[in-house]
Engineer: 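Sharing a structure, written as structure tokens. Questions coming.
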Amino acid sequence: MTVLVTGGAGYIGSHMVLDLMKTGEEIVVLDDFSTGFPGLVPAGVRVVEGDIGNRKLLERLIPDYRIDAIAHFAAKIVVPESVEKPLFYYDNNTSRARTLIEAAVNGGVKHFIFSSTAAVYGNAETMPVTEETPPNPVSPYGRSKLMVEWMLEDARVAYGVEPMILRYFNVAGADPLCRSGQATPRATHLIKTAVEAAVGKRAGMSIFGTDYPTADGTCVRDYIHVSDLARAHVLALDYLRKGGKGQVLNCAYGHGSSVSEVIETVRKVSGVNFNVETAPRRAGDPAEIVATGEKIRSVLGWEPQYDDLETIVTHALAWERKLMDQSRQADARAALATV
Ligand code: UDP
């Protein structure tokens, strides 16, 4: 039995690979390296460079590696970019996922774990959201993911593929041992942006909107540590293999933090009073997205280990400092090479 991890060289996928390795699981990573990094895949893990939309490749790969489960992370994830390039998102996140699901069906793969998103809820009328809250995505990104959820639900009925649909809330932090973390250049996510400001990678940052109907006027999100999220995937795999029925599960702690609280935490943990400006609201940002986070605990027995904003920020900051050291060393090597 082998797990195919698409996007395993990316931020969240690489953390699942690290967790799977603890149990000696056979793993194959499929990544096109468009946003992933070979260096995030732990040594010894098999990597196939390729596209999830490459039917011929998948038809070979699934039987060759005796794949029995797919964890599908490979996707484009930037909401504002999806507004600018919707057809790119529907191609990448939706059409290519269809090809992957079809290959799973044809190859007899019965377990399919899908990275979905809180963006499927859009501007939910009641907070916190539960899995019963009607989806109402407001961005092409959210819609591109919701369509895959629907395809998987239909594929379950028609072909017996059992899907676990994990709707991620705001993923942040890094591996506590600093083996992986978010490495994307020009990242837009709040905690990544703030730790970049703290290490001096950017001159400062902006708060997008201070006039929201929240306690301090800034947006509230349910931030979840990437290693806790990875654990949820490993538990989901075990659950499906034991015959558990596929579900939709929100991956969230059940409480939120505001943009201002996050920035203050990054300033406190880093000891750096980096520059913060206020800016107008960013298009498409709901004021608050928080989930109850109860169903995933009861279905999978998931017990988060890092449900603490300071811990998330501490790990994100350690990773960012590591990236800074690596880039300084690379610069120094390049400078020496020219001497
Ligand atoms: N945000 C911000 N400044 C930044 C990046 C993000 O004020 O440099 C805000 C953003 O407007 C949103 C919240 O932080 O209200 C979380 O944004 P992020 O992009 O991290 O995740 P999203 O909830 O959009 O998926």
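Read the numbers this way: they start at 1 and go in the same order the structure lists the ligands and their atoms. Along the sequence shown, residues carry numbers from 1.
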Engineer: Among protein heavy atoms, which sits nearest to atom 5 (C) of ligand 1, and what does the distance come to when rounded to 0.1 Å?
Structural biologist: T188 O, 3.3 Å

Engineer: Without swapping roles, check the side chain of Y223 against the backbone of H255 for a donor-acceptor pair under 3.5 Å.
Structural biologist: no

Engineer: I'd like to know if the side chain of R297 and the backbone of P304 have a donor-acceptor N/O pair within less than 3.5 Å.
Structural biologist: no

Engineer: Look at the side chain of S115 and the backbone N and O of H72, then say whether any donor-acceptor pair between them is shorter than 3.5 Å.
Structural biologist: yes

Engineer: Tell me whether R66 at atom CZ has more than 12 heavy atoms from other residues, nucleotides or ligands lying less than 6.0 Å away.
Structural biologist: no

Engineer: Which residue owns the protein heavy atom closest to atom 24 (O) of ligand 1, what's the atom, and how far is it?
Structural biologist: R282 NH2, 2.8 Å

Engineer: Below a 4.0 angstrom heavy-atom separation, can you tell me which part of V262, side chain or backbone, both or neither, approaches ligand 1?
Structural biologist: neither

Engineer: Report yes if the side chains of H315 and V226 come closer than 4.5 Å at any heavy-atom pair, otherwise no.
Structural biologist: no

Engineer: Determine whether any heavy atom of Y223 lies closer than 4.0 Å to an atom of ligand 1.
Structural biologist: yes

Engineer: Any non-hydrogen side-chain atom of E25 less than 4.5 Å from a side-chain atom of L237?
Structural biologist: yes

Engineer: Could you list which atoms of ligand 1 come closer than 4.0 Å to a heavy atom of D285?
Structural biologist: 10 (C), 11 (O), 12 (C), 15 (O), 24 (O)

Engineer: Is L190 close to ligand 1, meaning an N/O of one under 3.5 Å from an N/O of the other?
Structural biologist: yes

Engineer: Would you say N170 touches ligand 1, if touching means a heavy atom closer than 4.0 Å?
Structural biologist: yes

Engineer: Under a 4.0 angstrom heavy-atom cut-off, which atoms of ligand 1 come close to I207?
Structural biologist: 7 (O)

Engineer: Do the charged groups of D228 and R231 touch, with an N to O distance under 4.0 Å?
Structural biologist: no

Engineer: What do you reckon, does F208 have a nitrogen or oxygen under 3.5 Å from a nitrogen or oxygen of ligand 1?
Structural biologist: yes

Engineer: Using heavy-atom distances, let me know which of S260, A119, S206, C219 sits nearest atom 3 (N) of ligand 1.
Structural biologist: S206

Engineer: Check each heavy atom of H189 against ligand 1 and say whether those closer than 4.0 Å belong to the side chain, the backbone, both or neither.
Structural biologist: both

Engineer: For the NZ atom on K268, are there more than 12 heavy atoms of other groups (residues, nucleotides or ligands in this structure) within a distance under 6.0 Å?
Structural biologist: no

Engineer: Please report which non-hydrogen protein atom sits nearest to atom 23 (O) of ligand 1, along with the residue it belongs to and the distance in Å to one decimal place.
Structural biologist: R221 NE, 2.7 Å

Engineer: Do N250 and R167 have side-chain atoms, one donor and one acceptor, less than 3.5 Å apart?
Structural biologist: no

Engineer: Identify the protein heavy atom lying closest to atom 9 (C) of ligand 1, giving its residue, its atom name and the separation to 0.1 Å.
Structural biologist: V259 CG2, 3.7 Å

